[in-house]
J.: 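Dropping the structure in here first, questions after.
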Amino acid sequence: MGKGDYKISDIYQGGYSSLSPKYGDVFTGYRMNPSSFGMTTDPRTANVLQDVSSKLSAGAKHIEVSAVTPQVFESIPDQQLKELNRLSKLTGVDISMHGPIAEPSGLSDRGFSETQREAAERQMFSAIKRGHEINPNGNIPITFHSSAVPFAGNIPQKGEKGDLKELEETMIINTQTGSIHKIPLKERFFPGEEGKKDIHVEIKKINDEQWTENLDQLRAHAEVGKEAIDNSMATKIISEMEKKENKNWSKEEEQMRTLYNKGALYLNSSYNSLQQLFDVAYQRVPDAEKQKIQNFFKEVDDKARKIKEDTKSIESVQLRKEIIDQGVELLKDLSAPQTYANLEDFSKEKTVETFSNIALKSYKEFKDNSPIISIENPPAGVIFSTGEDLKSIVEKSREKFVEKAIKSKAEGGLAISEDEAKKQADKLLGVTWDVGHINMLRKFGYENKDLIAQTEKVAPMVKHIHLSDNFGFEHTELPMGMGNVPIKEIMEKLGKNGFDARKIVEASAWWEHFKSPPFKETLEAFGSPIYGMTMGPYWNQGPGFQQNYFSGYGMMLPQVNYETFGAGFSRLPSELGGQRQGTEGSRMSGKGME
């Protein structure tokens, strides 16, 4: 053969290959039964009843109501959710729900607000109550994202040799005001402070410097005030001046009065600053030091109340000076309050608070039929997007659930033992593992082994799986086998939990660009058996069965047939029983063919 010539095997691998159970380049190597797969409703529509009905025709055994957009979710009538319950009973299909994307920590691009966190908690619990309508006698899984804010997580980049690079910056939050800031992470070289970049070292340094600066400012203002007030002559003169019926003060008296007012002004400002610093310290210092603050409060209680009763008297100014002297001495001996905190640590604490609260409220209202709260990893790169993050959130949420359940029992609420509370926590709080989202760690330089390691961390907690493929850089959603998600290795690492879990196909990009359901492609990717058996043939072999040179019979009963002869017999030639006479040149004309 000459250059440029090809053998048939170069362009066509032959029909025998399709007989192999491993046939097809889309086959992932991990075989699953079709009954374990499900599809989502269109997240853009509130007519979920119609959408679920249309998905049933594709053969899906699980349907997930995709209510990710809060406005769309609020547009779904309760009657449709109740009708979904009836449809589920009639068809035997299992229905789950993806709850609205809300930020459980209370963070936003404007910072943190406890009001925002409580609003998110109410919105999420509303989704739980409404989801319960779909399956009031079971435990419907309801998925919520672990985070919905676009803040970058502390995920270090990986170098070409697989080494982790140090973070260049991090996000911190002022826990007093809720404001969020970005700070650089610095390598220290000065003696006594030398060391590598460390988030907690930087935050401690910021807190120490701010506390010192606040105390220095308080002392400086107090000294200016005391310099005037401590002048006994000034105090004496001012006292005499106050007794005068007329206010005809001499020049010397005017100067003294001005000096006194200046001192009183500075002391009043210092006293207000002292109160604020004690409020901060009381909330954020260790318990051992908090006792010292409580003792100080007892000592100055009478003086502070007198100041509040008469804020302008000379006595109140003197009392302020005395309290400031005592207070500054105590404050400088306390540990610097940790006003600034790592954003991830702070938001994780608030996230845990929200998830434990809605789980407990759900259990109080629905008991054994409480919906399962399944926490999903968002696209890798934002906070709480790794397996390690999810494991920590679920573990802490379960612990908090038990703690609150026991407290409720002590207060005469829930009648539940500690063992039962732990059992319910494990049942009601788990993980939705989105394989496409974790694959986006690739843009940070991570490889298959890293994705598998993250999967291993959450494997025992997985209750639900979202299937979508991509190439690791953009949040695209393709059917499995069309990107580079290592799904075979991920499913093997998830083990029995993954095998038993519902697997919901999320493939919005496929819907958008190819205008067809992704279910068939999913069955091919997982080599699912075509018939209701565990043996072949398999869906991945389907395309191969049709791969041959036969192009088919062409169009059957083409439109021209009806245009020529109509839909009945009357227009057929008379030789065939119709009323149409044979025409010259036709097969039925009676003449021989030329």
J.: Scan side-chain atoms only and decide if His98 and Glu64 contain a donor-acceptor pair under the 3.5 Å cut-off.
T.: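 No donor-acceptor contact under 3.5 Å links the two side chains.
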J.: For Phe384, is there any backbone N or O sitting under 3.5 Å from a side-chain donor or acceptor partner on Ser146?
T.: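 Looks like yes, one N/O pair under 3.5 Å.
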J.: Output side-chain donor-acceptor pairs under 3.5 Å for residues 123-131, partner residues at least two apart or in another chain, one line each.
T.:
from   : atom 1 : to    : atom 2 : distance (Å)
Arg130 : NE     : Asp78 : OD1    : 3.0
Arg130 : NH1    : Phe73 : O      : 3.0
Arg130 : NH2    : Ile76 : O      : 2.3
Arg130 : NH2    : Asp78 : OD1    : 3.2

J.: Taking it one step at a time, do Ser385 and Ile155 satisfy side-chain contact (heavy atoms from CB on, under 4.5 Å)?
T.: CA-CA 9 Å; Ser385 58; Ile155 300 178; 3.8 Å; yes
J.: Which pairs of donor and acceptor atoms, one on a side chain in residues 272-279, lie under 3.5 Å apart (sequence neighbours left out)?
T.:
from   : atom 1 : to     : atom 2 : distance (Å)
Asn272 : ND2    : Asn268 : O      : 3.4
Ser273 : OG     : Ser269 : O      : 3.2

J.: Which residue, Lys332, Lys226, Lys303, forms the salt bridge (Lys or Arg N to Asp or Glu O under 4.0 Å) with Asp325?
T.: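 Looking at Lys332, Lys226, Lys303, the match for Asp325 under the salt bridge (Lys or Arg N to Asp or Glu O under 4.0 Å) is Lys226.
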J.: Listed by chain and number, what are the side chain to side chain contact (heavy atoms under 4.5 Å, CB included) partners of Ser316, not counting sequence neighbours?
T.: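 Listed in chain order: Ile307, Ser313, Arg320.
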J.: Flag the pair Asn357 / Lys404 as yes when at least one side-chain heavy-atom distance between them is below 4.5 Å, and no otherwise.
T.: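 Yes - at least one pair of side-chain heavy atoms lies under 4.5 Å apart.
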J.: Atom OH of Tyr363 and atom CG of Leu428: how far apart are they, to the nearest 0.5 Å?
T.: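 Separation between the atoms: 8.0 Å.
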J.: Tell me whether the count of non-hydrogen atoms from other residues, nucleotides or ligands lying under 6.0 Å of NZ in Lys443 goes above 12.
T.: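 Yes - once you tally the heavy atoms of other residues, nucleotides and ligands closer than 6.0 Å, there are more than 12.
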J.: Here's one to test your reading of the geometry: is the NZ or CZ of Lys290 within 45 degrees of the ring axis of Tyr282 and under 6.0 Å from its centre?
T.: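 Output yes; distance and angle both within limits.
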J.: Say whether, by atom type as modelled, one donor and one acceptor occur between the side chain of Asn174 and the main chain of Tyr340 under 3.5 angstrom.
T.: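 Checked: no pair found.
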J.: Strictly distance-based, threshold 3.5 Å: is any side-chain N or O of Ser397 a donor or acceptor partner for the main-chain N or O of Ser356?
T.: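 Here the side-chain-to-backbone pair does not exist.
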J.: Working to the nearest 0.5 Å, report the span between NZ of Lys350 and OG of Ser113.
T.: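 Reported value, rounded in 0.5 Å steps: 10.5 Å.
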J.: Does NZ in Lys367 sit with more than 12 non-hydrogen atoms of other residues, nucleotides or ligands closer than 6.0 Å?
T.: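 Correct, the count exceeds 12.
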J.: Under a 4.0 Å N-O cut-off, is there an ion pair linking Asp310 with Lys306?
T.: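 Here Asp310 does not pair with Lys306 in a salt bridge, since their nearest N and O are not under 4.0 Å apart.
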J.: Taking atom types as modelled and ignoring hydrogens, do the side chains of Glu213 and Gln217 form a donor-acceptor contact shorter than 3.5 angstrom?
T.: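 No - no donor-acceptor pair under 3.5 Å links their side chains.
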J.: Quick one: does any side-chain atom of Ser374 pair with a main-chain N or O of Thr432 as donor and acceptor, under 3.5 Å?
T.: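 Here the side-chain-to-backbone pair exists.
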J.: Answer yes or no: is there an ion pair linking Lys422 with Glu418, defined by an N-O contact shorter than 4.0 Å?
T.: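 Result for this pair is yes, salt bridge flagged.
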J.: Looking at Glu365 and Lys361, does any basic side-chain N land under 4.0 Å from a carboxylate oxygen?
T.: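 Here Glu365 does not pair with Lys361 in a salt bridge, since their nearest N and O are not under 4.0 Å apart.
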J.: Ion pair present between Asp216 and Arg219, side-chain N to carboxylate O less than 4.0 angstrom?
T.: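 Counted as a salt bridge, because a side-chain N and a carboxylate O are separated by less than 4.0 Å.
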J.: Drop me the distance from Ile293's CD1 to Leu334's CG, to the nearest 0.5 angstrom.
T.: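 Going from the CD1 atom of Ile293 to the CG atom of Leu334 covers 5.0 Å.
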J.: With side chains defined as the heavy atoms from C-beta onward, is the minimum distance between Asp426 and Arg398 less than 4.5 Å?
T.: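 Asp426 vs Arg398: side chains touch.
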J.: How far apart are the C-alpha atoms of Ser508 and Glu477, what are their side-chain angles, what is the distance that settles it, and do they pass the side-chain hydrogen bond (donor to acceptor under 3.5 Å, both in side chains) test?
T.: CA-CA 6 Å; Ser508 61; Glu477 293 178 330; 2.7 Å; yes
J.: Does atom CD of Gln294 have more than 12 heavy-atom neighbours from other groups under 6.0 Å away?
T.: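 Counting other residues, nucleotides and ligands, CD of Gln294 exceeds 12 neighbours.
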J.: For the backbone of Thr175 and the side chain of Arg284, can you confirm whether one donor and one acceptor N or O come within less than 3.5 Å of each other?
T.: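 Present.
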J.: Could you grab the distance from atom NE2 of His181 to atom CG of Leu343, nearest 0.5 Å is fine?
T.: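 Atom-to-atom, His181:NE2 and Leu343:CG are 10.5 Å apart.
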J.: Between Glu299 and Asn295, is any side-chain donor less than 3.5 angstrom from a side-chain acceptor?
T.: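 Asn295 and Glu299 do not have a side-chain donor-acceptor pair below 3.5 Å.
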J.: Give me the atom names and distance for the closest heavy-atom approach of Ala380 to Met440.
T.: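 So the two residues come closest at CB-C, 3.7 Å.
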J.: When the aromatic ring centroids of His437 and His466 are compared, is their separation below 6.0 Å?
T.: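 When the ring centroids of His437 and His466 are compared, they turn out to be at least 6.0 Å apart.
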J.: Looking only at atom types and distance, does a side-chain atom of Gln338 sit under 3.5 Å from a main-chain N or O of Ala336, one as donor and one as acceptor?
T.: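 A pair under 3.5 Å: yes.
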J.: How about Glu103 and Ser105: does a side-chain donor come under 3.5 Å of a side-chain acceptor?
T.: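 Per modelled atom types, Glu103 and Ser105 side chains form a pair under 3.5 Å.
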J.: Looking at Lys158 and Asp163, is there a salt bridge between them, counting it only when a charged N and a carboxylate O are closer than 4.0 Å?
T.: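 Result for this pair is no, no salt bridge flagged.
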J.: Rounded to the nearest 0.5 Å, how far does OG of Ser468 lie from CG of Asp434?
T.: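 Interatomic distance, Asp434 CG to Ser468 OG, rounded to 0.5 Å: 4.5 Å.
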J.: Less than 4.5 Å apart, any side-chain heavy atom of Leu390 and any of Met461?
T.: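 Side chain of Leu390 against side chain of Met461, heavy atoms only: no contact under 4.5 Å found.
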J.: Would Arg117 and Glu121 count as a salt bridge (Lys or Arg N to Asp or Glu O under 4.0 Å) if you check the C-alpha gap in whole Å, the side-chain angles of each, and the deciding distance to 0.1 Å?
T.: CA-CA 6 Å; Arg117 190 203 66 77; Glu121 181 179 309; 2.8 Å; yes
J.: Does CD in Glu474 sit with more than 12 non-hydrogen atoms of other residues, nucleotides or ligands closer than 6.0 Å?
T.: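 Atom CD in Glu474 is not crowded, with 12 or fewer foreign heavy atoms closer than 6.0 Å.
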J.: Would Lys348 and Ser392 count as having a side-chain donor-acceptor pair, cut-off 3.5 Å?
T.: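 Per modelled atom types, Lys348 and Ser392 side chains form a pair under 3.5 Å.
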J.: For Glu388, I'd like to know if atom CD has over 12 heavy atoms of other residues, nucleotides or ligands within 6.0 Å.
T.: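 12 or below, so no.
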